[in-house]
Undergrad: 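Have a look at this one.
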Amino acid sequence: MAKSKKKKHKIAVRMCAGCFCKFDRRKVLQTLADAFADSCVFEYSYDAEEEKKYDLVLRISGCDSECAKPSELIDELIIDHNNWENAVEVFAEKTGW
């Protein structure tokens with residue numbers, strides 16, 4: 001009997017424009033992708049029409065302007081300049097994954 005593949009959570013990723021140069025958005029995303037490789041798939045998505053195919057919208061923001069578009073349809077999590085150093089713990093606490 002073949003093993004069934006465990007379904008991974010699909011995460012829509014939206015990043016800010018990167019004005020705050022001391023905040024490495026891509027490094028934060030890579031850290032999360034590595035930490036949750038067994039349970040999540042992270043994909044860039046800025047299309048609100050496609051949100052329904054995702055389990056969560058992850059917004060990565062470097063400052064208070066929060067230029068990454070918020071979700072109007074599904075749960076979202078914001079990793080920003082206030083909590084990025086604990087991104088893995090914040091993500092795990094919010095999602096339980």
Undergrad: Would you kindly confirm whether Leu29 and Ile79 end up in one hydrophobic cluster when ILVMFWY residues are joined by side chain heavy atoms under 4.5 Å apart?
TA: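 Same cluster: Leu29 reaches Ile79 through Ile, Leu, Val, Met, Phe, Trp or Tyr contacts under 4.5 Å.
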
Undergrad: Check the hydrophobic clustering (I, L, V, M, F, W, Y; side-chain heavy atoms under 4.5 Å; chains of links allowed) and say if Leu32 and Phe23 are grouped together.
TA: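 Leu32 clusters together with Phe23.
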
Undergrad: To the nearest 0.5 Å, how far apart are NZ in Lys94 and CG in Asn83?
TA: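 The CG atom of Asn83 is 12.0 Å from NZ of Lys94, to the nearest 0.5 Å.
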
Undergrad: How many angstroms lie between atom NZ of Lys53 and atom CG of Asp47, to the nearest 0.5 angstrom?
TA: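 These two atoms lie 8.5 Å from each other.
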
Undergrad: Output yes when a side-chain donor or acceptor of Arg25 lies under 3.5 Å from a complementary backbone atom of Cys16, and no otherwise.
TA: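 Side chain of Arg25 to backbone of Cys16, a donor-acceptor pair under 3.5 Å: yes, one is there.
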
Undergrad: Heavy atoms only: give me the nearest Ser39-Trp97 pair and the separation to one decimal.
TA: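 Closest pair (atom of Ser39, atom of Trp97, distance): OG-O, 3.9 Å.
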
Undergrad: Do Lys7 and Asp55 have side-chain heavy atoms sitting under 4.5 Å apart?
TA: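 Yes, their side chains come closer than 4.5 Å.
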
Undergrad: Counting distance only, does the side-chain N/O of Asp80 pair as donor-acceptor with the main-chain N or O of Arg59 below 3.5 Å?
TA: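 Pair absent, no side-chain N/O of Asp80 close to backbone of Arg59.
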
Undergrad: State, with a plain yes or no, whether a side-chain heavy atom of Val90 is found less than 4.5 Å away from one of Trp84.
TA: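 No. Closest side-chain heavy atoms not under 4.5 Å.
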
Undergrad: May I ask whether Tyr46 and Ile11 are part of the same hydrophobic cluster, defined by side-chain heavy atoms of I, L, V, M, F, W, Y residues being less than 4.5 angstrom apart, directly or through others?
TA: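 Yes; Ile11 is reachable from Tyr46 via cluster members.
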
Undergrad: Rounded to the nearest 0.5 Å, how far does CG of Leu58 lie from CD1 of Ile78?
TA: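 Separation between the atoms: 9.5 Å.
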
Undergrad: Tell me whether Phe91 shares a hydrophobic cluster with Tyr44, the cluster being built from Ile, Leu, Val, Met, Phe, Trp, Tyr side chains joined at under 4.5 Å.
TA: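 Same hydrophobic cluster.
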
Undergrad: Lys8 side chain to Ala37 main-chain N or O, any donor-acceptor pair under 3.5 Å?
TA: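 Here the side-chain-to-backbone pair exists.
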
Undergrad: Please check if Val57 and Met15 belong to a single hydrophobic cluster, counting links between Ile, Leu, Val, Met, Phe, Trp and Tyr side chain heavy atoms closer than 4.5 Å.
TA: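 No.
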
Undergrad: Could you check if a side-chain atom of Tyr54 sits within less than 4.5 angstrom of a side-chain atom of Glu43, using non-hydrogen atoms only?
TA: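 They are in contact (side-chain heavy atoms under 4.5 Å apart), so the answer is yes.
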
Undergrad: Would you call His9 and Leu56 a side-chain contact if the rule is heavy atoms closer than 4.5 Å?
TA: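 In short, these two side chains do not touch, never coming nearer than 4.5 Å.
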
Undergrad: When Glu51 is tested against each of Lys69, Arg14, Lys10 for salt bridge (charged side-chain N to carboxylate O under 4.0 Å, His left out), which residue passes?
TA: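 Going through the options one by one, the only one that passes is Arg14.
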
Undergrad: Ala87 and Val28: which non-hydrogen atoms are nearest, and at how many Å?
TA: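 Distance-wise, the nearest heavy atoms are CB-CG1, 4.1 Å.
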
